Protein chains: 2
Amino acid sequence: MSLKKLSEHLNLSQTTVSRALNGYPEVSEKTRERVQKAAQELNYSPNARAKGLATGRAHAIGHVIPVSTQHEMVNPVFGDFIAGAGSAYSKAGYEMMISLVDDQQQEKLYRDICARRNVDGIIVHGPTMNDPRIGLLTELDMPFVVHGRASNVDIPYSWLDTNNSRAFRRATDFLLDLGHRRIALLNGLEFMDYAFRRRESYASALQKRGIALDPALMQSTEMTEINGFLSASEMLSMDEPPTAFLTSSMITAIGVRRAIQAAGLEMGKDVSVITHDDDLGYLKNGHDVPIFTATRSSVRAAGVRAAELLLRLIANPTTGPQHEIIEAELIIGTSTGPAPQHP
Amino acid sequence: MSLKKLSEHLNLSQTTVSRALNGYPEVSEKTRERVQKAAQELNYSPNARAKGLATGRAHAIGHVIPVSTQHEMVNPVFGDFIAGAGSAYSKAGYEMMISLVDDQQQEKLYRDICARRNVDGIIVHGPTMNDPRIGLLTELDMPFVVHGRASNVDIPYSWLDTNNSRAFRRATDFLLDLGHRRIALLNGLEFMDYAFRRRESYASALQKRGIALDPALMQSTEMTEINGFLSASEMLSMDEPPTAFLTSSMITAIGVRRAIQAAGLEMGKDVSVITHDDDLGYLKNGHDVPIFTATRSSVRAAGVRAAELLLRLIANPTTGPQHEIIEAELIIGTSTGPAPQHP
DNA sequence: AAAGTCATTCAAAGCGCTTTGGAGATACTT
DNA sequence: AAGTATCTCCAAAGCGCTTTGAATGACTTT
């Protein structure tokens, strides 16, 4: 069913039918209703490509997901972020276009996407320090919003980020207040900007209390259950093991819990654990009482807001770069307790 | 940079430039090289919408993800499936278009997608029994591949599925061979076809050995850590608790492990656990030795193969429906052992 | 030398929509 | 009654590409 056929069927011009369906005022209400009814009945939906060509807008947003070739791993938060963003898009009548790209050929892919013009904007995932994509997209004049931030990038750009610094400072302080002095950090890969920020604020919180950093208590790996288990097991078998762990994801924390139990210790009593919790749908942190004390920030909500921000940016191209920061809540679970007293 | 500008720049017609870039033979090699060089330098990529309009092909595949409004949850395997499919698409020069839809308005969305013509094919996720989408897409004449199968749908259609029946029969038999008689099943929601199949084969394996089904040992929930923990805790406190668990996902199994430990029991000795393992990137089942005995089948690989199958279907529209079945491997970890002997 | 082939190239139509710049009909002024 | 404003509606151009059908010139063939 094309506009042409529909208009012939109605004995109207394509102009009138188009205007009737798109809500223009130069059409009588009677005609509009007649047109809408027929469109419904004949299941007419305008051809998106033709519409895009004519209007110059694709009504689609691109998400470019970096896939490191070494790890062949997709960040597990990605599914929830997409779910959030997707719901915002469908409300606004936008499509979501996803491209995977390995780190090598980022620039080419971004250039292609922009040249091909089948998205009106881009969400940049997984920013790193000095991320080159920000300069590139600015130069290519493509609206974009970064999920996260990129330290050391000094041109202005739009972003939406969890306040990782604040969250990890609070978490570290919380453990310090409980008397912990040997606090381990199981961080994500630190070329990722958020991981870099988390380490910085962990470090500064310790130093503010005059506690020297111990590199043996700081790990930076992919955030998997196994890595949490391995790192924690190793640290727990040290001469002076940590009394608390600060981890970057629920999955890592689950690995830490396993290591604690394997070492014959009790979580929340012998060893405390705080984790960041992205509030993933399939990985709820307990039901009534949270299991892990955690800094919680819904990545799904972040997806919604990032999408909305980008859509606003596209609608009003003159407004400059926008920022949004999301504060994580510190929720108290059963995984933390006072540092054990040594005789 | 448009074709028109490029051709003016080269003093050639649009026809010739288009043909040169698309590999048609009616162009001299010298001209072709000149055109390709200029296109490269000026960073020309044809406008995807215009190309699509002219050729009638979108060079994009749609993935429609069901999001149950009650649960607001995205299946965690989705990220890995997409990663697999996406890599196949980018190799073939296709885009991936993702739509989220809540169960209510499925039909309308599918009709719209087909009418709007901005995808050349669709991957159907999460088939249920009697899934109405299969009939609908067949009627709308849109190429599609189902990830999974739909029992009770009798029209032919293309699908790719893990052999869930075989996997769960083997897993159940494995536990039976170890002497277990009270085997619990923590299944996914059973309106999903794969969950239905899994239960059927679990049940038939038990019955084949003359063991009556105990409804108290069969749960069907969303596959979360919490649900695994809650179901297992409840069952372990029964008068006659199960000596083994069969779970539908690693995440559930992790919850079961927690319940076992919380009950003061040892996994692999007091209680055995077998799980299905989708081989997700961020949830590896151990490193050298698997933690859980599991039926393993990479959902990422399934994504690659489903995408390839659909692309083949689109390229050769005359071939009838195609099927692909993926066998899960049974891998032995430390979570299983002989049934404990009661005095 | 005329006719036929072949290799290159081009002008123009068409994909399905939006949008510009009227045109015709009706209602309102004076 | 003519003049003007207001409603409705339409024909046609244009978005950036592919593709058809034809033209051009060089080279063979008769």
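Please read these numbers as outputs of a predicted model, since none were measured by experiment. Throughout, protein chains are lettered first and strands after them, A, B, ... in sequence-line order, and every chain is numbered starting at 1.
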B:Tyr44/B:His9 aromatic ring centres below 6.0 Å: no

Nearest-nucleotide comparison on DNA chain C, the residue closer to the 5′ end among B:Pro25 and A:Leu53: B:Pro25

Along DNA chain C (nearest heavy atom to each residue), the more 5'-positioned of A:Arg49 and B:Ser13: B:Ser13

Which heavy-atom pair separates [X] from [Y] by the least distance, and what is that distance?
{"X": "A:Ala48", "Y": "B:Asn118", "value": "CB-ND2, 3.3 Å"}
{"X": "B:Leu160", "Y": "B:Ile326", "value": "CD2-CD1, 4.0 Å"}
{"X": "A:Asp112", "Y": "B:Ser45", "value": "OD1-OG, 3.7 Å"}

Mutual orientation of the aromatic rings belonging to B:Tyr94 and B:His59 [parallel < 30°, tilted 30-60°, perpendicular > 60°]: tilted

Geometric class of the B:His147/B:His125 ring pair [parallel <30°, tilted 30-60°, perpendicular >60°]: perpendicular

4.5 Å side-chain heavy-atom contact, A:Asp279 and A:Val299: no

Distance below 4.0 Å between B:Tyr24 side-chain N/O and D:dT19 OP1 or OP2: yes

Contact residues, residues 15-22 of chain A to DNA chain C [heavy atom, < 4.0 Å]: A:Thr15, A:Ser18, A:Arg19, A:Asn22

For chain A, the stretch of DNA chain C it reaches, first to last nucleotide, under 4.0 Å of its heavy atoms: C:dG16 to C:dG21

Pair B:Glu29 + B:Arg32: basic N to acidic O under 4.0 Å: yes

Between D:dG21 (C1') and B:Glu26 (CD): distance, integer Å: 12 Å

